[in-house]
Amino acid sequence: MTRRELDAAGITDPALRSDYSRCRQLNARHGRTYFLATRLLPLERRSAVHALYGFARWADDIVDDLDRRLTPDERDLLLKRLEGDLAHGLRNGGGAEPVVRAVADTAARHGIEVDLFSDFLASMRADLTVADYPTYADLRAYMHGSAAVIGLQMLPVLGTVVPREEAAPHAAALGVAFQLTNFLRDVGEDLDRGRVYLPADLLAAHGVDRPLLEWSRRSGRRDPRIRAALVAAEALTRGVYRTAEPGIAMLDPRVRPCIRTAFTLYGGILDAIARHDYTVLHRRAVVSRRRRAATAAAGVLKVAGARWHAAHAAQPAALERKGPDRD
């Protein structure tokens, strides 16, 4: 399927095709839910999405360093090198890393704003030193770079049926909704890395602080105050989904099934969290394979419908351009 995607996107240079394939591999390995939804995109748009995700994944892996082999200074140095490599790639093309070469090519092809990449890397750098967020406003400032800009980067690739600036707030909100979902799902894992992404003011409103979270994580015991805070975090996240949802209808009809599928699957993570009674400090909530498959199957049917409508809508226009038959 990779070859067909690259051919459809008009990516012919062998080295660049290899770079895009590397991004696709990162997407498939690390983003099961998102990768599944991406398979519903038109062929010619998938490579660009893989490039955007692959670059984001690469930077995120530098910051998180899950093997814990690197010191904070070493991670900062790697991030600075990546930032310099990207700046060069965005100006001149190319780059030292495959993900940089692919994403720089994607930015050039689709006219993606350079500042969005700068904002993203600024948030990645914050993860090296910032361990918590006092208020939701503070967290939103971080998520502008770490999540909202991803939605904004995607808009030129996906295409819209309204002016892009009209769809932009909804696209940004969808990126934030996805990240808030991840924060809620990964509370325990983030705590192990020394980070708390749930805003401190939301936690404090229910009598929760970092030491209580650490106690629960360490002991495996539950506390009703923590549950109440997690319920509030879920409600906050669902509100952001409601803000994002109208934007799906503003997208090119052929890409809507993909984004709707991602919307549904990520919302399903919230459903799983609630179904497991908010035990995210002790277990990871996931959407079952059966539900992912059923949601994807529904998306496939919608893709087929969108393609049918697009083909039939094009027929009258083609006949009109051709004009009446003449003897």
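Keep in mind that this is a model prediction, so the values were computed, not measured.
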For L41, is there any backbone N or O sitting under 3.5 Å from a side-chain donor or acceptor partner on R254?
no
Short N-O contact, R195 and D64, less than 4.0 angstrom
yes
What's the verdict on side-chain contact (heavy atoms from CB on, under 4.5 Å) for D252 and R45, showing C-alpha distance, side-chain angles and the deciding distance?
CA-CA 12 Å; D252 180 333; R45 314 218 185 160; 2.8 Å; yes
Does A249 offer a backbone N or O that forms a donor-acceptor pair with the side chain of R256 under 3.5 Å?
yes
Report yes if some heavy atom in the side chain of D201 is under 4.5 Å from a heavy atom in the side chain of P134; otherwise report no.
no
Evaluate the criterion side-chain contact (heavy atoms from CB on, under 4.5 Å) for residue pair R210 and D132; output intermediate values, then yes/no.
CA-CA 9 Å; R210 179 189 286 263; D132 49 49; 3.4 Å; yes
Any heavy-atom pair between the side chains of Y133 and R140 that's under 4.5 Å?
no
From L70 atom CG to L77 atom CG, the distance as rounded to the nearest 0.5 Å:
10.0 Å
Look at R275 together with D271 and state whether they make a salt bridge at an N to O cut-off of under 4.0 Å.
no
Taking atom CZ of F178 and atom OH of Y241, what is their separation to the nearest 0.5 Å?
5.5 Å
Ignoring hydrogens, what is the shortest heavy-atom contact between A167 and T160? Give both atom names and the distance.
CB-CG2, 4.0 Å
If you define the side chain from C-beta out and look only at heavy atoms, does anything of Y136 sit under 4.5 Å from M143?
yes
Can you tell me how far the OG1 atom of T237 sits from the CD atom of Q179, to the nearest 0.5 Å?
10.5 Å
dist R75:CZ -> D61:CG (nearest 0.5 Å) comes out at 12.0 Å
So L213 and L198, do their side chains get closer than 4.5 Å, heavy atoms only?
no
Which atom names give the shortest non-hydrogen contact between A107 and L90, and what distance separates them?
CB-CD2, 3.7 Å
For A229 versus V208, what's the shortest heavy-atom pair and its separation?
CB-CG2, 4.1 Å
Side-chain heavy atoms under 4.5 angstrom apart, residues restricted to Ile, Leu, Val, Met, Phe, Trp, Tyr: same cluster for I62 and L128?
yes
From CG (L16) to OG (S21), nearest 0.5 Å:
9.5 Å
Identify the heavy atoms of L40 and P257 that sit nearest to each other, and give their distance.
CD1-O, 3.9 Å
Between R81 and D85, is the closest basic N to carboxylate O distance under 4.0 Å?
no
The single option from T279, V280, L281 passing side chain to side chain contact (heavy atoms under 4.5 Å, CB included) against R283:
T279
Restricting to non-hydrogen atoms, name the atom on V157 and the atom on L52 that form the minimum distance, rounded to 0.1 Å.
CG2-CD1, 4.2 Å
In terms of heavy-atom contacts, S123 and G145 come closest through OG-CA, 3.3 Å
Salt-bridge criterion met for E189 and R217 (N-O under 4.0 Å):
no
Going through the checks in order, is the side-chain contact (heavy atoms from CB on, under 4.5 Å) test met by F117 and I112?
CA-CA 9 Å; F117 294 98; I112 299 173; 3.8 Å; yes
Common cluster, L155/V161, ILVMFWY with side-chain heavy-atom separation under 4.5 Å
no
Could you tell me the separation between the CD1 atom of I248 and the SG atom of C258, rounded to the nearest 0.5 Å?
10.0 Å
Applying side-chain contact (heavy atoms from CB on, under 4.5 Å) to E245 and R260, what does each step give before you reach the verdict?
CA-CA 9 Å; E245 187 170 17; R260 174 62 67 180; 2.7 Å; yes
Side-chain contact, heavy-atom cut-off 4.5 Å: F55 with L86?
yes
R29 side chain reached by R57 side chain, heavy atoms, under 4.5 Å:
no
Donor-acceptor pair, H276 side chain versus A272 backbone, under 3.5 Å?
yes
Would you say Y266 and N182 make side-chain contact, with heavy atoms under 4.5 Å?
yes
Verify the cluster assignment for F183 and L191: are they in a single hydrophobic cluster under the rule of side-chain heavy atoms below 4.5 Å apart?
yes
Is any side-chain heavy atom of R222 less than 4.5 Å from a side-chain heavy atom of D277?
yes
Ion pair D105/R17, N-O distance below 4.0 Å:
no
Cut-off 3.5 Å, side chains only: do S216 and H282 have a donor facing an acceptor?
yes
Pair T135-D138, side-chain donor/acceptor within less than 3.5 Å
yes
Is a side-chain donor-acceptor pair under 3.5 Å present for N27 with R24?
no
Charged N-O contact under 4.0 Å between D76 and K80
yes
Are V196 and L180 in one and the same hydrophobic cluster, where Ile, Leu, Val, Met, Phe, Trp and Tyr link if side-chain heavy atoms are under 4.5 Å apart?
yes
R221, CZ: over 12 other non-hydrogen atoms inside 6.0 angstrom
no
NZ/NE/NH1/NH2 to OD/OE distance under 4.0 Å, D19 and R22
no
Answer yes or no: is there an ion pair linking R193 with D190, defined by an N-O contact shorter than 4.0 Å?
yes
Residues, nucleotides or ligands: over 12 heavy atoms within 6.0 Å of E113 CD:
no
State plainly whether one hydrophobic cluster holds both V255 and V162, where clusters connect Ile, Leu, Val, Met, Phe, Trp and Tyr through side-chain heavy atoms under 4.5 angstrom apart.
no
With Y20, the side chain to side chain contact (heavy atoms under 4.5 Å, CB included) member among D13, T2, T106
T106
